[in-house]
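Here's the structure, in structure tokens; my notes come after.
Letters go in sequence order (proteins before strands), and every chain restarts at 1.
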Amino acid sequence: MTIPVSSGPEHDDEQSLPEQYRVRLAKRDRMLAEGREPYPVAVPITHTIGQVRAAHPDLEPGAETDDVVGVAGRVVHLRNTGKLCFVTLADGAGERLQVMLSLAEVGEESLDSFKADVDLGDHLFAHGKVISSRRGELSVFADTWQLAAKALRPLPTLHKESSEETRVRQRYLDLIARPAAREMVRVRSAVVRSIRSELHERGFLEVETPILQTQHGGAAARPFVTHMNAYDIDLYMRIAPELFLKRAVVGGIERVFELNRIFRNEGADSTHSPEFAMLEAYQAYGDYMSIANLTRELVQAAALAAFGTTEVTLADGTSYDVGGEWPQLDMYTATSEAMGMTISPETPLDQLMAHADAAGLQINPAHVIPGKVAEELFEHHVGDHLWEPTFVMHYPVDNSPLVRAHRSRPGVVEKWDLYVRGFELGTGYSELVDPVVQRERFEAQALLAAKGDHDAMRVDEDFLEAMEHGMPPMGGMGMGLDRLLMALTGLGIRETILFPLVKPR
RNA sequence: GGGCCUCUAGCUCAACUGGCAGAGCAGCGGACUUUUAAUCCGUGGGUUGUGGGUUCGAGCCCCACGGGGCCCA
């Protein structure tokens, strides 16, 4: 990538460039012309800003040390008092260190070119003694300095937060300007790391399964479709890793998980992103209860890893505790209590529809089956109001085609959904392992698909064949990582994703 | 998909009832050897998201379109 000297991107005439861009471009050109490198390949750093700060936690005002260091960072403040300049450098973690450049120490030529060349936003290298200023600010008293990288565009004002749009379109600016944006990255990384290590400690193996699939499945969702030229076939981007992870369990990987990206061709709003990160884990000889415990432990460990406590404080200042045991609600019982009348798996469709009408719910015509309507009633009357972590158990069989029937109760399956702060954070099953029943469930789904339900699954012969070779009983769970971050921070999904999809301008 | 809010200088935002488009920071020129968003003097910078319309006159009112945010489905 080479940008021709004296011209900016997509601008033929310099007049159309912002003034500050032209000024900085001219500085770059002048440096090159005078034999100074605006983008050196390396600068001789000896310490990070954090290391310098850590080595001198409480230097007396005016103190000098014999420590000579080379540091670099982004220029976030510039103050020029004539024969003495103060620069504040910031590193990626937001740690700051002052550099002082005096006429006496660096000489006139060097100080003049510093004033002429260096702007806010540039990356700067400085070499010199570690001292404390008269006001007690830890500083590097420079004997030499060098530009590490010239910025052509000005830094946004650091005293105000970026606008909502800049935050999502230019996250790098958000990260520079807003500590909370950097904190989100730290929290997310801590949570991911915690989940992985907790699972590894319990003997789970992490695997990677196909993202490009010839047949999508494992969830009720509409996929992205793409095309492979070499084979001239359409491929689907996965909506869930479930069917491949279960194949792995058939093959003897008895504790397996995957933590990676899922794609769903649905709306984008403050709780939905077309691509998002999901954890799925399967445990042979476990069931929906053992996997519920695992899920609770993962969430609690994640909170501890990120915040050092299970008491979670959200962006709006409210807090709640994810520690301890979590309540379990029976879906039909809780819904019946909230509605003041009894519904059950035996309640006929027309009665359920009457309840839905009474509640003002509009049911998608493709979803007019008893189980879906009952679930809609649950979400409206109960789910939306569940704030503390709660397992909702025993869903209708109709829309849970991969879950086994409850061992003793007719009409429901051994499934839970985990609700936090009014949304669904995760789900867990006693997985269906009978290939004959699985085939019947797929066929029922295919019928729905034929009736126009884009979310319905298809008959997956390859998966059925794997099952037919003997799938051990197992518990399985899935949890949206972005949603976990939302639950732990109280932020919208686009704040939890570093670079969310944004429509082109 | 529906509703509400929003889009103005590089950034963050003002602009009364429709009447000369402004501020802070950033920039440019100058002064200053201990500043902390330094201070002081001087100064440049605008296709008000896009396209139409109403009007003597539109950042402001109307219509359409686009982007972002929030709420609902």
Heavy-atom donor-acceptor pair, A/Asp122 side chain to A/Leu124 backbone, under 3.5 Å: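 Not at all, since once roles are kept as given, no pair shorter than 3.5 Å links the two residues.
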So do [Y] and [X] actually touch side chain to side chain, heavy atoms under 4.5 Å?
{"X": "A/Trp416", "Y": "A/Thr295", "value": "yes"}
{"X": "A/Thr271", "Y": "A/Ile493", "value": "no"}
{"X": "A/Thr427", "Y": "A/Lys415", "value": "yes"}

Among A/Arg188, A/Arg261, A/Arg494, find the residue that satisfies the salt bridge (Lys or Arg N to Asp or Glu O under 4.0 Å) test when tested with A/Asp482.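 Among A/Arg188, A/Arg261, A/Arg494, the one that satisfies the salt bridge (Lys or Arg N to Asp or Glu O under 4.0 Å) with A/Asp482 is A/Arg188.
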Are A/Arg178 and A/Glu495 close enough, and set up right, to give a salt bridge (Lys or Arg N to Asp or Glu O under 4.0 Å), and what steps lead you there? CA-CA 12 Å; A/Arg178 201 168 56 98; A/Glu495 298 276 351; 3.3 Å; yes
Among pairs that include at least one residue of residues 69-123 of chain A, which meet ring pair (Phe, Tyr, Trp, His ring centres under 6.0 Å), considering only residues two or more places apart or in two chains?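 Checked against ring pair (Phe, Tyr, Trp, His ring centres under 6.0 Å) - neighbours excluded - the pairs reaching residues 69-123 of chain A are A/Phe114-A/Trp145.
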Applying the Watson-Crick and G-U wobble criteria at under 3.5 Å, what pairs with [N]? Answer none if nothing qualifies.
{"N": "B/C4", "answer": "B/G69"}
{"N": "B/C40", "answer": "B/G30"}
{"N": "B/C13", "answer": "B/G22"}

Sidechain N-carboxylate O distance under 4.0 Å for A/Arg186, A/Glu183: yes
Is the shortest side-chain N to carboxylate O distance from A/Asp119 to A/Lys150 below 4.0 Å?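 Salt bridge: yes.
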Can you give me the N/O atom pairs linking the protein to nucleotides 42-49 of chain B at distances under 3.5 Å, or say none if there are none?
from  : atom 1 : to      : atom 2 : distance (Å)
B/G44 : N2     : A/Glu19 : OE1    : 2.1

Taking for each residue the nucleotide of RNA chain B bearing the nearest heavy atom, is the 5' side occupied by A/Ser162 or by A/Ala116? A/Ser162
So with a 6.0 Å cut-off around CZ of A/Arg222, is the heavy-atom count from everything else above 12?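 Check fails, neighbour count at 12 or below.
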Protein-nucleotide distance ([X], atom [atom1]; [N], atom [atom2]), rounded to Å:
{"X": "A/Arg167", "N": "B/U12", "atom1": "CZ", "atom2": "P", "result": "10 Å"}
{"X": "A/Arg22", "N": "B/C28", "atom1": "CZ", "atom2": "C1'", "result": "11 Å"}
{"X": "A/Glu161", "N": "B/G24", "atom1": "CD", "atom2": "P", "result": "22 Å"}
{"X": "A/Leu155", "N": "B/A26", "atom1": "CG", "atom2": "P", "result": "11 Å"}
{"X": "A/Tyr21", "N": "B/C11", "atom1": "OH", "atom2": "P", "result": "14 Å"}
{"X": "A/Asp112", "N": "B/G30", "atom1": "CG", "atom2": "P", "result": "10 Å"}

Distance between the [atom1] atoms of [N] and [M], in whole angstroms?
{"N": "B/G45", "M": "B/G27", "atom1": "C1'", "value": "8 Å"}
{"N": "B/A14", "M": "B/G59", "atom1": "C1'", "value": "12 Å"}
{"N": "B/A9", "M": "B/G49", "atom1": "C1'", "value": "15 Å"}
{"N": "B/C65", "M": "B/G29", "atom1": "C1'", "value": "45 Å"}
{"N": "B/C63", "M": "B/G3", "atom1": "P", "value": "12 Å"}
{"N": "B/C25", "M": "B/C32", "atom1": "P", "value": "22 Å"}
{"N": "B/G24", "M": "B/U8", "atom1": "C1'", "value": "15 Å"}
{"N": "B/G69", "M": "B/U55", "atom1": "C1'", "value": "33 Å"}

Looking at the side chain of A/Pro154, which of B/U12, B/G10, B/G27 is the nearest nucleotide?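 Nearest nucleotide to the side chain: B/G10.
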Summarise how protein sits on nucleotides 32-38 of chain B as a single string, 5' to 3': B when a protein heavy atom is under 4.0 Å from the base, S for sugar-phosphate-only contact, - for no contact. BBBBBBB
Taking protein heavy atoms under 4.0 Å as touching, what does nucleotides 68-73 of chain B look like 5' to 3' if B marks base contact, S marks sugar-phosphate-only contact and - marks none? SSSS-B
Checking A/Ser344 against A/Glu346: is there a side-chain donor and acceptor pair closer than 3.5 Å?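 Short answer, yes.
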According to side-chain hydrogen bond (donor to acceptor under 3.5 Å, both in side chains), does anything in residues 57-71 of chain A pair up with another residue at least two apart or in another chain? List the pairs. A/His56-A/Asp67
Please list, chain by chain and in numerical order, all residues satisfying side-chain contact (heavy atoms from CB on, under 4.5 Å) with A/Thr318, sequence neighbours excluded.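 With neighbours one apart ignored, the set is A/Leu314, A/Asp316.
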